[in-house]
Amino acid sequence: MALSFCGSNKCISNESISNKCVNAYSVDEGVLNNGCFVDALNLVPHVFLLFITFPILFIGWGSQSSKVQIHHNTWLHFPGHNLRWILTFSLLFVHVCEFAEGIVSNQNMDHLHLYMPAFMGFIAATTSVVYYHNIETSNFPKLLLVLFIYWVLAFITKSIKLWKYAEYNVGPQYLRFCITALLVILYALLMAVEMNVIRVRKYVFFTNPPKVKPPEDLQDLGVRFLQPFVNLLSKATYWWMNPLIIGAHKRPIELKKIGKLPIAMRALTNYLRLKDAYEDQRVKDPCRPPSIWRSMYRAFGRPILLSSTFRYLADLLGFAGPLCILGIVKHLKDVYFGVHFMSSSMLLQNTSVLAVLLFLALVLQRTFLQASYYVTIETGINLRGALLAMIYNKILRLSTSNMSMGEMTLGQINNLVAIETNQLMWFLFLCPNLWAMPVQIVMGVILLYYFLGFSALVGASVIVLLAPIQYLVATKLADTQKSTLEYSTDRLKKTTEILKGIKLLKLYAWENIFCDSVEETRGKELTSLKTFAFLNVLSALNGSSYFSVFVQVANGFFTWGSNLSTLSDINIRIPTGQLTMIVGQVGCGKSSLLLAMLGEMQTIEGSVYWSKLPDFEMVREGNISKNRHSVAYAAQKSWLLNATVEENITFGSPFSKQRYKAVIDACSLQPDIDLLPFGDQTEIGERGINLSGGQRQRICVARALYQNTNIVFLDDPFSALDIHLSDHLMQEGILKFLEDDKRTVVLVTHKLQYLIHADWIIAMKDGSVLREGTLKDIQTHDIELYDHWKTLMNKQDQDLEKEEEEEEDDDNLSTTTNRRSKIPWKVCWCYLSSGGYFMVFLMVFSKLLKHSVIVAIDYWLALWTSSKTSGTSPTDMFIILCAAGITLCLITSLSVEFLGLSAATSLHHNLLNKIIHAPIRFFDITPLGQILNRFSADTNIIDQHIPPTLESLTRSTLLCLSAIGVISSITPAFLVALVPLAVAFYFIQKYFRVASKDLQDLDDSTQLPLLCHFSETAEGLTTIRAFRHEARFKQRMLELTDTNNTAYLFLSAANRWLEVRTDYLGAVIVLTAAGASIWSLRYGLPSGGLVGLGLTYALTVTNYLNWVVRNLADLEVQMSAVKKVKSFLSTESENYEGSMDTSQVPENWPQDGEIKIQDLCARYDPMLKPVLKHVNAYIKPGQKVGICGRTGSGKSSLSLAFFNMVDIFEGKIVIDGIDICKLPLQTLRSRLSIILQDPVLFSGSIRFNLDPERTCSDDRLWEALEIAQLKNMVKALPGGIDAVVTEGGENFSVGQRQLFCLARAFVRKSSIFIMDEATASIDMATENILQKVVMTAFADRTVVTIAHRVHTILTADLVIVMKRGNILEYDRPETLLEQADGMFASFVKADM
C-alpha cells in the first residue's frame, strides 16, 4: 500500500468508536473531527519554529564559526533557566514515546500522521533549546518572543487534540491519550516559564527594560572554571571542559590556563560561611560549646542533600537495567502490535522499546551518579578551603608558649593541613554512600525475593554475617597501615642521615654498616606491607584593536653595502608592550629586518621611527644607532663574554637576586649551572669551559631577559633548543616574564605553533613584507597563507608527538621534558621484571584463567536457566566452577600484591646500593632533596600505589574484553558496531590521559607551597606578629589554597568528563547489544538465557570502561616514580675491588705513617679539569704537616686523594710502601682517620657514633672520650656511653660535636690522621683543646692538617702552600716566614 499522510480508506472498529468506513481525508463531520487533520494541525507550530529560527541560527550565529568564540563574559541565565532545560528534556522524552507509540500502533506503516508530528516535535524541541542557548549566551532576550509564540501555538493545538480525544471517549486507558495530556502540561509549563522571563526582564510589552549584567565571576576573564555557569546539558556532560582536555594534547596545561576559582568556591567565601555558622551557635546558646559538625552541616548541608538525591535517583534507575533485560528476554518471541490506540502495557512488551528504555535509563543513571560525585567533591573542596582558613587564623593567634612548650608542634600542624582536612573532604564524598548503600541492599533483596523466592534471603543473610568479619579485617588493615607508616618514617630518617653524612661514611668505610641498618628497617616495612596485602585480598574477597607604536619603518629599502637592496619596500609597525613575531622561510630577511631597525644596515631609502619615552611621541631618527633606545638583543649566533655565567647574564646591569633567579628559571639554566664546577661563578666563553650550543643560546636569551630595557629583540632563540626547552622558554620566558614586565618583544622564529600567542605578526618573503596583522586578520584576508601555516603547524605538532624520549644530552639538562601521550611501556616492563619473571607469568596466567572461569560460571547459569544442560548435574558443575573461581580470585590478588612487593624490594635494594656506593661527585652535583624524593615519595608510590592500580587495571580491562567477547559470541552482529565504538573509546582515553597527567602534576605542585606556607608561618609567628603582617600572610594563604583547590577541581571535573563519556559509550554498547540480540533472534540464533547473559555483560562494560582509562592514566603517572628510580640505577659505582687482594695487605698497615706523593694528578670527574697537577711531596712517619692555600687551591682535594675519593689519573700516593690505588677501597679507608670541617653525628647512642662496628671495648671508648675532654660530660648524661644522640647531634653544641668526632678518630688508632679544616667552624676554646690533643695523644702519628686559620699550623714540622692545584711553597714554617714576600708569610700577617 502506498505511503500517505492520512493513510487509505479504512473501516475502524473500536469499543468506544462506532463501526464505520470513512475516507481518510473526509471532513464531512467537521475539520476537527478528522483525526488526521488534527494531527496535521499539530505540525503547524513545529514548522513555524523551524521556519523562523533556522535563518537566525545559521545566518546570525552560524557566522560566529569563522570568528573568535564568544567569551563567557556575555553569558547570562534568564529566569527559570534550569527548569526550562528540565522541561525541554522531558518534552524530548515524551516526543520519543509518542513517536514509538505511533510506529508500533501503525501496523501497515502507511499512516504518517501517527508519528510525523511526534518526529517534527522532537526536531522543534531540540531546535528550541539550541536557539535559547544562543540567545542566552549573547544576552539578547528580545528574540525569545519567537519561543513564547511557539509554546502558545503548541499548547493550543495539543489542547484541541486532547479535547477531541475526550469527546470521543478515548481516555487514560490508551497510551496516546496519556502522552497527549503530558505534552499539554509540558507546553503549559514552558509557556509559563516564558511569561516569567517577560515579567522579570521586561524585554517586550514594557518600556525601559532593566539592564542586567552577567554574574561578577563571568565578567572576570580570569575565571575559567565554568561548571556553575554553563547550561544544564553542559553541566551534565562537562562539555565546557572539551577545549581544555583536547588542547592539553598539543600544549601542557598550566596554572595560567585554569585561571581562578569562582567567588562562591574561594576559600575566603567558604571560611566566612563556616565561621558565621560557628558563631551563630555561640550566640544562640552561650553555655554550650559550638560544634564543628553542626557548623559544617549548616554551611554545607544543602549540597550534600542535593548529592544524596542524585545518588538515590541513580540507584533507583540502576534497577531499571536488569528489569528491562528481563522484559527483553521474556518478550523476545512474543512481539505484540496493537491498532491505532494501544495500552501502555502493550508498548512495554515491545523489545525494541525496552531496548531504548534500557539505554535511556542507563544514560540517566550515570548522569545522576556523576552529578552526585561532582557535587560532593565540590562541597568537600569548599569545606577544606574553609577549614584551612580557620586553622590558619588559629595558628596566627597561638601564643609563643603553645609552640615552645610542645602543646602544638609543627608536625601536628602539618598533619592537620595535609591529612586531616583531606580526610574530612573525603568523608563528605563518602557521605551519600552511607545512606545509599542500605537502600541498594534492601531494594536488591526485595527484587531478588520477588524473582527467586527464599534463596534471596540466604544471600542477604550471608552479607549480614560477613559484615563483622569485614569490620575486623578493616581494623587490622588500619593497624597494619600505621605500623607500615612508622617503619617507613624510620627508614627515611636513616636514609636522610646516610645522605647527609655520606662523605664521612665513605671516608670511614662505614657504608655497608649503615646500609644494613636501612635494609633491616626496610625488611620490617615490607613484612608489614605483606600483611597489609594479605588483609587487602581478604577484604576484596568479601575584532580590531588600537595600539601605540614603538618602532615604525616607513618605505624602507636597506642593503649590506651593494647597490642591490637586501630589504625592499618595508612598511611595518611594532606595537608597544606587545609580542610581535616575524616569520618566513630561511633567507627571506627576518634577521636583516631586526638589524635594519637596529641601524646595522645601510639605508637606501625610507626611515625608521622610534617612540620617545615616556609619551611615545614618534621621532624620526637620522642616525638610528646613536639616538634609538637601548635594545636587549639575543642574536641568532650566540655570543658570550670571557667571564662568569653571572656576568654574562647581568651584562653590566645592577645585580638583583630575585630577577636573576626568575631569569634563570625561565631559561631552564639552573640544572646546567648545577653541573658547572663553580656554579654560576664558572668562567665561560672562549677561555672558559665548553658549553653546548643550546646552553650558549639560553645564556644569551637570559641576558636579553635580564636587561631592564623597554624593547627586546630575539633572533630565532629556539634554533638550538629541543621542543621541550623551547616550550618552556616560550611559556615562562617570553609569555610570562616579558609580558609581566609589559615589554615590547620582537621575536623571529620558525616555530609556527607559537603564532597563536602573537599580538602582531609580520610575514616576510624574498626581502619584503608579505603580510602584516593579527592572526585573525591574516585568517580573514589571506586564507591561502593561513592554510599554509596551518599545514606546517600540524606537521610540527605531529613531529612533537613522534619524538621519542631519549637520554638528555648537554643541550637538554633541564627537567622540562614532558611526556605527552605515550605510555611508558619500557618503564612498565622494568617494573614487572623487577618483580621476577615467575611472578609476572603467574599473575598473567592466573588472571586469564580466573576471568575464563567467571565467564564459564555465567555461561553455565545461562544454559541452566534455559534448561539446555545435560550430563553432569547442574548444581555439581556450578559448585565446582564457583570453587575454582574463588580459588583463582585469591591467587590472582596475591600474585599481583606479591609481584608489587617483590618489585618494590628489588628496586629499593638496588637503589640504596647504587646510591651509597656512588662516587662523592654524584652527591656534589645531585641535590639532596632529589635523592630523598626517590626514597620517600617515589618509593611510597612503588610500594603502595602501583600494585592496586595494576590490579584494578588488569581486572577492569579483562572484564571489558570478556564482556565484548561474550556479546560477540552470542550476537556476532555486534562486531560491526564495535569498530566505531572502539575508535571513540581510543580518542576519549587518548585526550583524557594527557590532560589528567597535567592536572595531577598541577595538583601536586600547588599543594607543596601551601604546606610550606603553614610551616613557615608556624615557625615565624613572632616575627609576623611583630611586623603586623598577619593580613598579608592570610591573603597569601588564601591565594595558595584557591590555587590548589582550582587544580583539584579541574582534575575532578576531568574525571567526571571521562566517566560521563565512557558511561554513555557503555550505554551505546548496551543498546547495540540489545539491538543485535533482537535482530539475531529473528534468525533463531541465541536463546533467551544467552541474550540475558550478553546484555548483563554489556551492563558491566558501563561500569568498567572508565576505570580502564582512569587506571591507565594513574599508572602512567605512577610509573614516573619507577622511571626516576631507574635513572639513578644507571649511576656508576666506585671501584671497590682494587688490584690487590685483602690478604696481601698487612693487618697493621699502615704501621709507620710514611706518605710519598709522586707526580700526583687528580680530578673529580674524567669530564672535568684536574684539581691537582703534578704534586710531589714526602711526609715522614710521625710528622705534623700543615697544608694551606686560598679557596679552590686544591687543599681538600689533596686530603680526599689520600682516601682515593677523587680520580687519580696520573702519578700515585704511596703509604708505607703500598700504592693506595691498588688497595680495595674498604681496606684503604678503614685504616685511615679524618676529622671533617662540619661535625657529623648520627641518631642513636654515643657508643654507636664512636664505634658503629662494635669492635672496641668500653675502656677504649672512655679513653677516647677522656682525650677529647668529654668524659665528665658524658658520665653526667643518663645512660653514660649509651646516652641518646638525636638526629644530627642537635642535643650537643657544635664544639662538643667536633670533640666527639675527635674521639671517633682516636678510637680507630690509625697511624695517619687528617684534619680537613676541622677548626674552621668552632670557637677558640675548642680549637685549643683540639691542638693540645693533636700534640699529645697523636704525638706518634702522622697528622696532616688542612688549615683554615694558618696560626694553627705554625708549630707544624712541615708546611705545604698550594695554589691552583700546584705546590707553591714547601718547607718548615720558620723557613717560610723568613720569606717576607712569600704567600705563607702573607697568610700569617693577614691572620694576626
[X] vs [Y] aromatic rings, parallel, tilted or perpendicular, using cut-offs 30° and 60°?
{"X": "Y374", "Y": "Y238", "answer": "perpendicular"}
{"X": "Y660", "Y": "Y706", "answer": "perpendicular"}
{"X": "H81", "Y": "H77", "answer": "parallel"}

A1121 meets the side chain to side chain contact (heavy atoms under 4.5 Å, CB included) criterion, sequence neighbours left out, with D938, I941, I942
Hits for side chain to side chain contact (heavy atoms under 4.5 Å, CB included) against L268, two or more places apart or cross-chain, chain-then-number order -> Y271, L272, L1038
Locate the shortest heavy-atom distance separating [X] from [Y]; write the atom from each residue and the value.
{"X": "S372", "Y": "R311", "answer": "OG-CB, 3.6 Å"}
{"X": "A267", "Y": "G385", "answer": "CB-O, 3.9 Å"}
{"X": "P228", "Y": "M265", "answer": "CG-CE, 3.4 Å"}
{"X": "G679", "Y": "V645", "answer": "O-CG2, 4.5 Å"}
{"X": "L388", "Y": "F1014", "answer": "O-CZ, 3.6 Å"}
{"X": "L1049", "Y": "L261", "answer": "CD1-CD2, 3.4 Å"}

Less than 4.5 Å apart, side chain to side chain, heavy atoms only: is that true for [X] and [Y]?
{"X": "L729", "Y": "S726", "answer": "no"}
{"X": "W239", "Y": "V230", "answer": "no"}
{"X": "T1041", "Y": "Y392", "answer": "no"}
{"X": "F300", "Y": "R273", "answer": "yes"}
{"X": "T580", "Y": "D759", "answer": "no"}
{"X": "M296", "Y": "L424", "answer": "yes"}

**Item:** Greater than 12 external heavy atoms within 6.0 Å of K736's NZ
**Value:** no
Report, as yes or no, whether the 6.0 Å neighbourhood of atom OH on Y297 holds more than 12 heavy atoms from other residues, nucleotides or ligands.
no
query = Between W760 and L579, does a side chain to side chain contact (heavy atoms under 4.5 Å, CB included) hold up when you go through it step by step?
reply = CA-CA 6 Å; W760 193 253; L579 172 59; over 6 Å; no
Do [X] and [Y] get their side chains close enough for a donor-acceptor pair, meaning under 3.5 Å?
{"X": "D674", "Y": "Q670", "result": "yes"}
{"X": "Q281", "Y": "S295", "result": "yes"}
{"X": "N242", "Y": "W1057", "result": "yes"}
{"X": "E497", "Y": "S1243", "result": "yes"}
{"X": "Q1000", "Y": "S996", "result": "yes"}

Indicate yes or no for a side-chain donor-acceptor contact from [X] to the backbone of [Y] under 3.5 Å, with no hydrogens or angles considered.
{"X": "N270", "Y": "A386", "answer": "no"}
{"X": "T379", "Y": "V375", "answer": "yes"}
{"X": "R698", "Y": "S668", "answer": "yes"}
{"X": "S1052", "Y": "Y1048", "answer": "no"}
{"X": "N382", "Y": "R266", "answer": "no"}
{"X": "Q578", "Y": "T744", "answer": "no"}
{"X": "Q707", "Y": "I649", "answer": "yes"}
{"X": "H757", "Y": "I734", "answer": "no"}
{"X": "T376", "Y": "Y373", "answer": "yes"}
{"X": "S307", "Y": "P303", "answer": "no"}

Practice item. Using the side-chain hydrogen bond (donor to acceptor under 3.5 Å, both in side chains) rule, take R743 and N710 through it: C-alpha gap first, then chi angles, then the decisive distance, then the call. Key: CA-CA 5 Å; R743 291 158 83 179; N710 293 97; over 6 Å; no
Evaluate the criterion salt bridge (charged side-chain N to carboxylate O under 4.0 Å, His left out) for residue pair R1036 and E1039; output intermediate values, then yes/no. CA-CA 5 Å; R1036 179 62 180 154; E1039 289 171 2; 3.7 Å; yes
Quick one: [atom1] on [X] to [atom2] on [Y], what's the gap to the nearest 0.5 Å?
{"X": "E732", "Y": "C667", "atom1": "CD", "atom2": "SG", "answer": "10.5 Å"}
{"X": "L383", "Y": "M390", "atom1": "CG", "atom2": "CE", "answer": "10.5 Å"}
{"X": "L428", "Y": "E378", "atom1": "CG", "atom2": "CD", "answer": "12.0 Å"}
{"X": "T1043", "Y": "K260", "atom1": "OG1", "atom2": "NZ", "answer": "11.0 Å"}
{"X": "Q370", "Y": "L1058", "atom1": "CD", "atom2": "CG", "answer": "8.5 Å"}
{"X": "R251", "Y": "D998", "atom1": "CZ", "atom2": "CG", "answer": "12.0 Å"}

Quiz item: side chain to side chain contact (heavy atoms under 4.5 Å, CB included) between I258 and R224: does it pass, once the steps are laid out?
Solution: CA-CA 6 Å; I258 61 176; R224 306 283 173 82; 5.6 Å; no
Residues pairing under salt bridge (Lys or Arg N to Asp or Glu O under 4.0 Å) where one sits in residues 283-299, two or more places apart or in two chains, turn out to be D280-R298
Worksheet item: Going through the checks in order, is the side chain to side chain contact (heavy atoms under 4.5 Å, CB included) test met by N1055 and F992?
Response: CA-CA 8 Å; N1055 289 335; F992 170 78; 3.3 Å; yes
- Y278 vs L274, side chain to side chain contact (heavy atoms under 4.5 Å, CB included): CA-CA, chis, key distance, verdict: CA-CA 6 Å; Y278 193 80; L274 186 62; 5.7 Å; no
Per side-chain hydrogen bond (donor to acceptor under 3.5 Å, both in side chains), T1006 is matched among T1046, N1045, D1001, N1044 by N1044
Exercise. Going through the distances and angles, do W293 and F427 end up as a ring-ring contact (aromatic ring centres under 6.0 Å, His included)?
Worked result: CA-CA 12 Å; W293 289 104; F427 169 75; 5.5 Å; yes
